[in-house]
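First the structure, in the form of structure tokens, and then the observations on it.
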There are 2 protein chains.
Amino acid sequence: MSDKRIEIMDLAEKLIRTKGYNAFSYKDISVPLQIKNAAVHYHFPKKSDLGEAIILRTRSTFQKKHIEWEQCLPKEKLNNFIALYEKNQSLNLVCLVGALGSSYESLPENMQNSLTKMSGEIRGWMQKVLKEGLQNKEFNFTETAEEKTDVVIAALLSSLILDKVIRKNILKSVKASILKSI
Amino acid sequence: MSDKRIEIMDLAEKLIRTKGYNAFSYKDISVPLQIKNAAVHYHFPKKSDLGEAIILRTRSTFQKKHIEWEQCLPKEKLNNFIALYEKNQSLNLVCLVGALGSSYESLPENMQNSLTKMSGEIRGWMQKVLKEGLQNKEFNFTETAEEKTDVVIAALLSSLILDKVIRKNILKSVKASILKSI
DNA sequence: AAATATACTTACTAGTAAGTAAGAATCCAA
DNA sequence: TTGGATTCTTACTTACTAGTAAGTATATTT
């Protein structure tokens, strides 16, 4: 992959995660990177190609992380996962699922499909982590692992959005609550 | 308020809550309502006027609900609040805060401000409900009311987004988890 | 040295976006 | 009944959007 291709993806991802997929144009990429509009189209013929590439890259980043964490205990896996959101918070970015999911019906089909696939994988991974933690008595919540998974991923997702909207550190209290209730 | 004005707001709200603020145009309103583009501009000169009107309407709807529920016990208030999300789910709509908040930085300033105000009010209301429930022993979670509030509102907000993305009934398990852990 | 692939630029198109100025139809009150 | 307010339409402008066709510069391979 060429340098410019990565620069384009990096900037596009930042734009998606601050303003949304429908609020940026190829001009917002070509001007800062000092290339022409058509150069962006050379790397990503359609805007949806760019969008999909970003989802697939995020998905593969997650997969690598999960493998990296394989030897960790469930509690540590959960902590690592939460740390990803803290990283996003420090960069003032909402997560990709939140950024794209809220306007799901406006997305091109290829983006919908890869987003659905990635989100399902993350949810599946979290279910395994919580189940494992229940079994080895690291966790002892009263809900089922499936139920707890959905609150955890949902609360983390929104906390980055609400951080911006409410202008309070929502992620901080969400993290505290999750760790206390698990 | 004229009939058409309300029809415009109803349709625009639906568009915002399915496709997002930046993914609809006045044409998407004028064509279905069989009026001209300029007629929409007559009622709402700028798109941001329409956006703000929708936020303010939602805000006042919430305020009315809260007054309506004043005599209810905390548990019932919480149930009523969750029921609002179940209603949204049945209509296949994400909530307004989720729809707009994820692209917060692309929103016109007047919309950012009214969205922030409304979200703060909802959070404040929920904090009061949870505190009241702790005091009268209806609830007995271990977190602080502030922490629990943020998980509850964050999880509910995302559950409508994740419902669409993951194509599972996330709200159902989020509801179950909240009610079991409170 | 010639051929080829890569990474662009130039220059364009067709369509859509938000927004406006001016005028017409309708209703309602003085 | 006439004058004004309300609610539109007609007709338009300016600016941007995604996308493309054709050509150019540079590097890489054969």
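None of these values were measured; they are calculated from a predicted model. Throughout, protein chains are lettered first and strands after them, A, B, ... in sequence-line order, and every chain is numbered starting at 1.
- Among the nucleotides dT9(C), dA18(C), dG19(D), the one closest to the side chain of N37(A) is dG19(D).
- Rounding to whole angstrom units, CD1 of residue I35(A) and P of dT10(C) are separated by 12 Å.
- Across dC8(D), dA18(C), dT20(D), the shortest atom-to-atom separation from the side chain of A38(A) is found for dT20(D).
- At a threshold of 4.5 Å between non-hydrogen side-chain atoms, the residues R123(A) and I170(B) count as touching.
- Going from atom CD1 of I29(A) over to atom P of dT17(D) covers 11 Å, rounded to whole Å.
- F81(A) and W69(A) have their aromatic ring centers separated by at least 6.0 angstrom.
- Protein atom CD1 of I8(A) is 14 Å distant from nucleotide atom C1' of dT6(C), rounded to whole Å.
- For the contact set between residues 40-55 of chain A and DNA chain C, defined by any heavy atom under 4.0 Å, the members are Y42(A), H43(A).
- For Y26(B), the listed nucleotide lying nearest its side chain is dA18(C); candidates were dT17(D), dA18(C), dT10(C).
- Counting all heavy atoms, side chain and backbone alike, K19(B) lies closest to N22(A) at O-ND2, 4.1 Å.
- Salt bridge annotation for K172(A)-E147(B): absent, with no cationic side-chain nitrogen under 4.0 angstrom from a carboxylate oxygen.
- When the nucleotides dA21(D), dC16(D), dT10(D) are ranked by their closest atom to the side chain of K27(A), dC16(D) comes out on top.
- With F24(B) as the aromatic partner, K14(B) does not meet the cation-pi criteria of under 6.0 angstrom to the ring centre and within 45 degrees of the ring axis.
- Judged by a 6.0 Å distance limit and a 45° cone about the ring axis, K47(A) is positioned over the six-membered ring of Y21(A).
- Classification of K77(B) and E70(B) as a salt-bridged pair fails, no side-chain N sitting under 4.0 Å from a carboxylate O.
- Residue S25(B) places at least one side-chain N or O under 4.0 Å from the OP1 or OP2 atom of dA17(C).
- The distance from atom CG of N22(A) to atom P of dT16(C) is 16 Å, rounded to the nearest whole Å.
- Between D3(A) atom CG and dT6(C) atom P there is a gap of 17 Å when expressed in whole angstrom units.
- If you measure from atom NZ of K36(B) to atom P of dA25(C), you get 15 Å, rounded to the nearest angstrom.
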